[in-house]
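Heads up: the structure comes next, in structure tokens.
Just so you know, these numbers come straight off a predicted model, no measurement behind them. So you know, we letter chains A, B, ... as the sequences are listed, proteins then strands, and number each from 1.
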2 protein chains.
Amino acid sequence: MKRNNKLSLALHTLGHMAAAPDQAFTSEVIAGHNATNPVVVRRVLGLLRVQGIVVSGKGHAGGWRLAKPADSITVADVYAAIGAPLMTVEPLAAPDGCAIVAALHSTMTKAVAEAEAVLRRHFARRTIADLAQAMVQGAKKKGDLRFPPR
Amino acid sequence: MKRNNKLSLALHTLGHMAAAPDQAFTSEVIAGHNATNPVVVRRVLGLLRVQGIVVSGKGHAGGWRLAKPADSITVADVYAAIGAPLMTVEPLAAPDGCAIVAALHSTMTKAVAEAEAVLRRHFARRTIADLAQAMVQGAKKKGDLRFPPR
DNA sequence: GAATCATGTAACTATGATAGTTACATGAAA
DNA sequence: TTTCATGTAACTATCATAGTTACATGATTC
């Protein structure tokens, strides 16, 4: 996983969970399916747990699963849970309160805020169930792509 | 300058140029006004020169200045010249063409593209002259904030 | 209740994108 | 011909992020 792909990792995993709601997924299996590390998976899914999107269990039957129906979780929920906006603007460190820097920052902030709003609106219209459905449709064409049973 | 502030550096500098069109600004002066390094300034303004937004000259009367009227340069032009979108989405490196990753990437790409479009639309409505005007208005209140003469 | 399995988390290291720096060539003006 | 400024290559520094190691906690199975 290269960079700021926490959101993608989260959504990918939730999609798989939605396609197999009765199954618990271990950090290890998820990490394997994402070319990353179990601890990284725990860190990311931990953010989702705080927001009540997933639950985790220890021990033999432990692992991660959805905390509620997949069609009640939007991509926007997950995006918010991750807490790392895809687009930010930091104010320029300019000397002496330069007026143009202030004007610039104001312009940039407004533009970025609107763009982010568009993004969130898009994300709010798409649920994890939608993603899972795409998966099932893909599986019909390409073979079963579910995680291997444990 | 911390991070990906090339756009801010560029716009800030262009604003000052617009406010003093007869003056040439050296990389050194610009760098000083941005808490950065002359070479970094040259690199960034070099991108703008390629797009015909600024011109540069060597030697005694050298330095940087606008290549055309400030009201004919939009923030969007500069954004495009910098060539570093504020928002990108990289495909997840998932194994075996997992269908959910494909669906995910498609969703993300579309959403980001729309958000970017909103951003560009905003930027297209704002010119460097607008920024310079904000500066002049600010100067009236706070004193002269132009770069010092050379 | 002992062994096993999985998460929870702290502390550290590795990676990589970005900015900063040094050094020097090129060319224009005084 | 000296001075000044850009142009650019090559390197170093910084910093956010992911990856790793290590171990505690707690649940399940035997």
Side-chain angles (χ1 to χ4, degrees), chain A residues 1-10 12-13 17 23-50 53-65 67 82-90 92-94 147 149-150, chain B residues 1-10 12-13 17 23-50 53-65 67 82-90 92-94 147 149-150:
Chain A
M1 194 164 70
K2 267 211 184 121
R3 202 166 168 174
N4 214 11
N5 278 17
K6 287 191 283 190
L7 178 59
S8 296
L9 168 58
H12 179 199
T13 303
M17 287 175 175
Q23 196 176 339
F25 298 88
T26 67
S27 309
E28 187 127 8
V29 167
I30 296 167
H33 200 64
N34 281 280
T36 186
N37 187 287
V39 175
V40 173
V41 171
R42 284 177 211 143
R43 287 205 278 242
V44 172
L45 295 188
L47 295 170
L48 304 187
R49 186 186 46 221
V50 169
I53 294 172
V54 298
V55 291
S56 62
K58 294 180 172 181
H60 273 87
W64 302 85
R65 60 185 74 213
I82 294 297
L86 288 180
M87 186 183 239
T88 54
V89 53
E90 305 153 65
L92 252 186
F147 285 149
R150 290 168 53 248
Chain B
M1 193 165 72
K2 268 216 181 115
R3 201 167 169 174
N4 213 12
N5 279 16
K6 287 192 282 190
L7 178 59
S8 296
L9 168 58
H12 179 198
T13 303
M17 287 175 175
Q23 196 177 337
F25 298 88
T26 67
S27 309
E28 187 127 8
V29 167
I30 296 167
H33 201 64
N34 281 280
T36 185
N37 187 287
V39 175
V40 173
V41 171
R42 284 177 210 141
R43 286 205 279 242
V44 172
L45 295 188
L47 296 171
L48 304 188
R49 186 185 46 222
V50 170
I53 295 172
V54 297
V55 291
S56 62
K58 293 181 174 181
H60 274 87
W64 302 86
R65 60 186 73 214
I82 294 298
L86 288 180
M87 187 183 236
T88 55
V89 52
E90 306 153 64
L92 252 185
F147 285 150
R150 288 166 57 244

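Using a 4.5 Å cut-off on side-chain heavy atoms (C-beta onward), B:Leu7 and B:Val44 make no contact. Under the 4.5 Å side-chain criterion, counting only non-hydrogen atoms from C-beta, B:His33 is in contact with B:His12. Counting heavy atoms from C-beta on, the side chains of A:Leu9 and A:Lys6 never come closer than 4.5 Å.
Following rounding to the nearest Å, A:Glu28 (CD) and C:dG8 (P) show an atom-to-atom distance of 15 Å. B:Leu92 has its CG atom 14 Å from the C1' atom of D:dA18, to the nearest Å. Rounded to an integer number of Å, the gap from B:Trp64 CH2 to D:dC4 C1' is 15 Å. Per the geometry, NZ belonging to A:Lys58 stands 6 Å off P belonging to C:dG8, to the nearest Å. Whole-Å rounding puts the A:Glu90 CD to C:dT18 P distance at 12 Å. Residue A:Arg49 contributes atom CZ, which lies 7 Å from atom C1' of C:dG8 at whole-angstrom precision. As rounded to whole Å, 5 Å separates atom P of C:dC5 from atom NE2 of A:His60. Distance B:Asn37 CG to D:dA10 C1': 14 Å, rounded to the nearest Å.
For the OP1/OP2 pair of C:dA6 and a distance below 4.0 Å, the side-chain nitrogens and oxygens of A:Ser27 include no atom meeting the criterion. When the side-chain nitrogen and oxygen atoms of B:Thr36 are compared with OP1 and OP2 of C:dG20, one or more of them lie within a distance under 4.0 Å. Within the 4.0 Å cut-off from OP1 or OP2 of C:dG8, at least one side-chain nitrogen or oxygen of A:Ser56 is found.
With sequence neighbours left out, B:Val55 forms a side-chain contact (heavy atoms from CB on, under 4.5 Å) with B:Arg65, B:Ala67. Under the rule for a side-chain contact (heavy atoms from CB on, under 4.5 Å), the partners of A:Thr36 that lie at least two apart in sequence or sit in another chain are A:Met1, A:Ala31, A:Asn34, A:Val40, A:Val41.
The stretch residues 39-47 of chain B comes close to DNA chain D through B:Val39, B:Arg42, B:Arg43, each having a heavy atom under 4.0 Å from the strand.
A:Ser27 and A:Trp64 are linked by a side-chain donor-acceptor pair at a separation below 3.5 angstrom, with hydrogens and angles left out of the test.
Both B:Gly57 and A:Gly57 lie close to DNA chain D; mapped to their nearest nucleotides by heavy-atom distance, the more 5′-ward contact belongs to B:Gly57.
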Task: side-chain contact (heavy atoms from CB on, under 4.5 Å) between A:Ile82 and A:Leu48, intermediate numbers included - done: CA-CA 7 Å; A:Ile82 294 297; A:Leu48 304 187; 4.2 Å; yes
